[in-house]
Engineer: 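I am attaching a structure below and will ask some questions about it afterwards.
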Amino acid sequence: MTQRDPRLVLQTSPFLQTGVTTPRIMRDVILAALPTLAAATWNFGVVALLVVGSATAGAVGMEWLTTRKRPDNPLLDGSALLTGLLLGLTLPPGIPLWMAFLGGVVGIGLGKAIWGGLGQNLFNPALIGRAFLQAAFPITLTSWMPNRFHGEQVAGFWRLGEQTLAAPLMRRDVEVVTAATPLGLQKFEGTLTDLGHTVIGTTGGSLGETSAILIVLGGLYLLWRRAFDWRIPAAILGTVVVFVAVLHYGFDASRFPTPWFSLTTGGLLFGTVFMATDPVTSPTSPKGAVIFGVGVGVLVVLIRHFGGLPEGVMYAILLMNTASPLIDRTVQSRVFGRGRKAAS
Amino acid sequence: MQRLPGSGTFSHGVHPDEHKEATEGLPIERMPFVSRFVLPLSQHIGAPCRPVVRPNQRVRRGQLVAEPGGFVSTALHSPVTGRVVGIGPRRHPNGQLVQAIEIEADPLDPQDMPDQSFGDPLTMPVPELIDLVQRGGMVGLGGAAFPSHVKYKLPEGRSARWLVLNGCECEPFLTCDHRVMVEHPDRVLRGIQIVGRLLGVEEAVIGVELNKPDAIEALRHAIEDAGDLVVPTRVQGVKVKYPQGAEKMLIKALFDVEVPAGKLPLDVGMVVNNVGTMAAVADWFDHGRPLVERVITVSGPGVRRPANLLVPIGTPIRAVLEYCDALGPDVQEIVMGGPMMGQPVASLDAPVLKGTSGLLVFTESRDQAMRACIKCGRCLEACAYNLNPSRLGRLARAGRIEEMERYHLMDCMECGACTWACPSRIPLVQLFRSAKGNLRKIKAAAK
Ligand code: SF4
Ligand code: SF4
């Protein structure tokens with residue numbers, strides 16, 4: 001017979017726990033992405049907030065719909081909010097709001113809920129949402145609304161895109177004014193955008209991918225908070241720099257850009273800091289993380305410079321997402337006291 | 001002396017807040033004798049001991065009250081002069097009723113323990129020494145309470161080259177070993193000489209975490225002052241990291257040697273002992289004082305007067321906590337031992353045992369909101385054994401226990417580092433403990 005003092009809690013060790021919790025990690029990533037959102041709002045005006053808000057509403061709404069009966073209340077962990085925010089930041093500023101919303105719904109629905117919720121999914125839900133939109137609306141997703149500071153005159157903060165408020169599924173044959181992205185210019189026209197613009201973010205592109213400095217800042221914050229595995233961004237960026245440097249300096253300096261251009265343009269930094277580091281869809285082990293990062297880096301360069309698209313970060317990450325379980329299964333660490341190093 | 005090859009650390013592990021500030025500077029204080037003492041017959045690993053006293057019999061402090069119940073068992077002595085009031089079921093800290101001897105202290109007795117001697121332990125024949133260690137009731141004071149003489153009786157044909165002393169005290173809150181090293185380095189060193197000579201080792205090394213510079217210094221002084229030693233002894237600082245105090249991690253940190261899975265330190269020519277045990281051994285051989293008291297740390301957010309206490313074994317937990325003003329209305333949880341590997345206390349009437357290194361009182365409940373595993377890998381980087389707790393946890397929750405064995409479940413030392421580190425609050429080590437139990441049952445049934 002066990003008798004216990006009625007006021008004592010009885011649990012087994014350990015009786016201490018780290019202060020880092022899953023909701024805190026999600027919150028940190030959201031915080032880290034906020035400067036980028038602010039920059040996007042500055043660069044593109046209020047549409048940035050509207051697009052990101054729509055994507056987030058779609059994601060959170062879908063999460064609520066699919067998990068509302070679960071006792072552990074996953075909505076509160078913040079992961080769906082994060083998915084919506086990140087998805088929104090990958091979208092072009094001029095996208096109709098209903099599409100952004102739909103992207104959020106699909107990202108959570110197909111990217112997460114059908115797998116069994118947080119932790120079970122193979123692909124990054126935000127990228128699933130983005131890939132779906134890209135497949136369904138290829139023109140819209142590659143129409144870049146110009147930066148507010150692009151023309152002769154600075155455009156108004158409150159301006160909306162031609163299609164921002166378009167009704168769902170209505171095709172309107174409006175000439176959209178589009179601006180080229182630095183990567184598109186480099187790839188298809190051979191002109192290089194000034195590095196100063198790509199670093200600060202006053203170029204064309206998706207909402208979140210234009211300001212390199214603020215993304216790096218977010219990354220440093222996550223590093224400081226230990227909210228992600230630093231090996232993944234280190235491996236991706238290192239691989240891209242080395243690979244592109246070999247191409248640029250070793251082969252053809254006119255066809256291949258400098259490593260710095262590669263680093264600061266397109267979705268590379270954004271994808272590296274915010275998408276590839278998603279713990280669920282990247283390998284669990286430290287060694288696996290390095291392999292994953294190198295894989296993403298190589299794929300990015302291959303797609304950008306040898307494939308048909310100017311940008312390949314999304315596909316590179318999605319492809320490596322599929323490889324993650326395999327990497328985890330193959331890369332087994334040597335257990336302490338077993339194998340070659342164990343004294344005999 | 002040659003430098004030891006170890007790098008002073010092992011790979012992986014965690015850094016919980018140390019929480020040692022409250023007690024690390026407090027001198028060891030003697031806890032006054034209370035009126036009743038409870039001595040469970042099984043406070044060590046192995047067979048329970050057999051009472052050799054009858055109810056109502058008068059006993060002296062330090063008198064044998066129960067003899068070893070076999071070789072893997074040890075002796076038990078009265079912590080006070082008084083009267084045996086009963087032998088029967090009493091509360092164990094885990095809440096269960098166990099056989100125990102209850103002794104009532106004689107309030108008028110001065111509670112002296114006369115000195116006695118058995119001859120010089122540095123020249124005594126080894127079998128006699130081993131027998132004496134058992135008669136002194138010596139167990140490892142680090143927490144496991146394994147009878148010391150069993151460890152000292154090396155199997156036929158085996159020998160040890162090193163005696164390794166564990167002064168890491170890597171568990172947060174605990175400072176009892178720390179204080180023993182600071183206040184009684186000579187006794188620790190004396191114990192090392194006796195045990196080292198018994199084992200026939202060539203050298204001894206005391207591993208101390210670097211957060212205890214005063215202990216390192218005190219021990220070095222004691223070694224210098226001693227001059228020529230029978231067993232050359234050195235002190236080596238090791239990195240502050242949990243679980244640095246696990247035997248195999250300490251050996252790795254000192255010698256860069258990995259004890260193979262399923263093997264003991266003796267298989268690489270080493271015997272590991274806790275520093276507190278050394279002091280106890282010295283007291284027994286030099287003064288004839290058996291293991292009737294020990295130093296424990298009383299600390300935690302619920303303790304208003306934290307202390308390092310020299311407590312008679314058998315003192316009820318309630319008395320200790322009252323003495324330290326720790327039984328306020330806010331008490332939530334009481335832990336015996338360290339917060340990473342200690343045991344929950346179910347009954348305040350249960351006594352302090354030989355293996356009790358601390359009593360911790362917590363006032364706040366932990367975050368219990370278990371969430372999905374996000375495969376973040378923090379548990380992998382916590383595990384000193386390089387296991388994959390994330391995968392093991394998923395297998396455990398899916399009930400695929402037999403598969404867990406392939407991922408070396410049985411190597412898990414249950415240190416709890418993975419559980420500490422998990423942001424999704426998955427009770428990993430708890431799952432592993434029960435899976436290991438089930439796996440053993442499955443195997444036993446298959447035989
Ligand atoms: S620490 Fe917890 S959440 Fe992270 S991989 Fe391990 S079990 Fe999963
Ligand atoms: S409890 Fe087991 S699995 Fe967890 S860290 Fe310790 S040894 Fe590794």
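All values reported here derive from a predicted model rather than from experimental measurement. Every chain is numbered from 1, with letters handed out A, B, ... down the list of sequences.
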Engineer: Is there side-chain contact between T12(A) and R433(B), with at least one heavy-atom pair below 4.5 Å?
Structural biologist: yes

Engineer: Could you have a look at H19(B), H15(B), Q368(B) and say which one has the most heavy-atom pairs with chain A under 4.5 angstrom?
Structural biologist: Q368(B)

Engineer: Check whether N73(A) gets within reach of chain B through its side chain, its backbone, both or neither, counting any heavy atom under 4.5 Å.
Structural biologist: backbone

Engineer: Please examine the side chains of Q430(B) and Q11(A), heavy atoms only from C-beta on, and report whether any two atoms are closer than 4.5 Å.
Structural biologist: no

Engineer: Got K375(B) and Q120(A) here, is their nearest side-chain heavy-atom distance under 4.5 Å?
Structural biologist: no

Engineer: Could you tell me which of C415(B), C422(B), G262(B), S424(B) has the largest number of non-hydrogen atom pairs under 4.5 Å with chain A?
Structural biologist: S424(B)

Engineer: Test side chain to side chain contact (heavy atoms under 4.5 Å, CB included) on H408(B) and Q332(A) and set out the steps.
Structural biologist: CA-CA 12 Å; H408(B) 305 298; Q332(A) 300 268 6; over 6 Å; no

Engineer: Please state whether the side chain, the backbone, both or neither of I25(A) comes within less than 4.5 Å of a heavy atom of chain B.
Structural biologist: side chain

Engineer: Taking the side chain as everything from C-beta on, heavy atoms only, tell me whether P23(A) gets closer than 4.5 Å to R371(B).
Structural biologist: yes

Engineer: Would you say S285(A) and N388(B) make side-chain contact, with heavy atoms under 4.5 Å?
Structural biologist: no

Engineer: Counting only non-hydrogen atoms closer than 4.5 Å, does I374(B) touch chain A with its backbone (N, CA, C, O), its side chain (CB onward), both, or neither?
Structural biologist: both

Engineer: With only heavy atoms counted, which part of R231(A) is less than 4.5 Å from chain B, the side chain, the backbone, both or neither?
Structural biologist: side chain

Engineer: Considering only heavy atoms from C-beta outward, does the side chain of T419(B) approach that of Q17(A) to under 4.5 Å?
Structural biologist: no

Engineer: Go through T21(A) and R425(B) one step at a time and tell me if the side chain to side chain contact (heavy atoms under 4.5 Å, CB included) criterion holds.
Structural biologist: CA-CA 8 Å; T21(A) 66; R425(B) 306 305 188 210; 3.1 Å; yes

Engineer: Which bit of V429(B) is near chain A, if near means a heavy-atom gap under 4.5 Å: side chain, backbone, both or neither?
Structural biologist: side chain

Engineer: Under 4.5 Å between any side-chain heavy atoms of P14(A) and E414(B), yes or no?
Structural biologist: no

Engineer: For the residue pair F362(B) and F15(A), does the interplanar ring angle fall in the parallel (under 30°), tilted (30 to 60°) or perpendicular (over 60°) class?
Structural biologist: parallel

Engineer: Of the listed residues (S365(B), P339(B), G377(B), G416(B)), which shares the most heavy-atom pairs with chain A below a 4.5 Å separation?
Structural biologist: P339(B)

Engineer: In terms of side-chain geometry, is the basic nitrogen of R338(A) or D411(B) positioned less than 4.0 Å from the acidic oxygen of its partner?
Structural biologist: yes

Engineer: Where the side chain of R24(A) meets the backbone of P423(B), is there a donor-acceptor pair that is under 3.5 Å apart?
Structural biologist: no

Engineer: From Q343(B) CD over to S13(A) OG, what is the distance, rounded to the nearest 0.5 angstrom?
Structural biologist: 6.0 Å

Engineer: In this structure, are over 12 heavy atoms from other groups packed under 6.0 Å from R397(B) atom CZ?
Structural biologist: yes

Engineer: Quick one: are R366(B) and V9(A) in side-chain contact, heavy atoms under 4.5 Å?
Structural biologist: no

Engineer: Of all of K248(B), K263(B), M370(B), which one pairs up most often with chain A through heavy atoms under 4.5 Å apart?
Structural biologist: K248(B)

Engineer: Under 4.5 Å, counting heavy-atom pairs only, tell me which of V345(B), V14(B), L360(B) racks up the most with chain A.
Structural biologist: V345(B)

Engineer: Is it true that K287(A) and E381(B) have a side-chain N and a carboxylate O under 4.0 angstrom from each other?
Structural biologist: no

Engineer: Is there a donor-acceptor contact under 3.5 Å from the side chain of N386(B) to the main chain of F336(A)?
Structural biologist: no

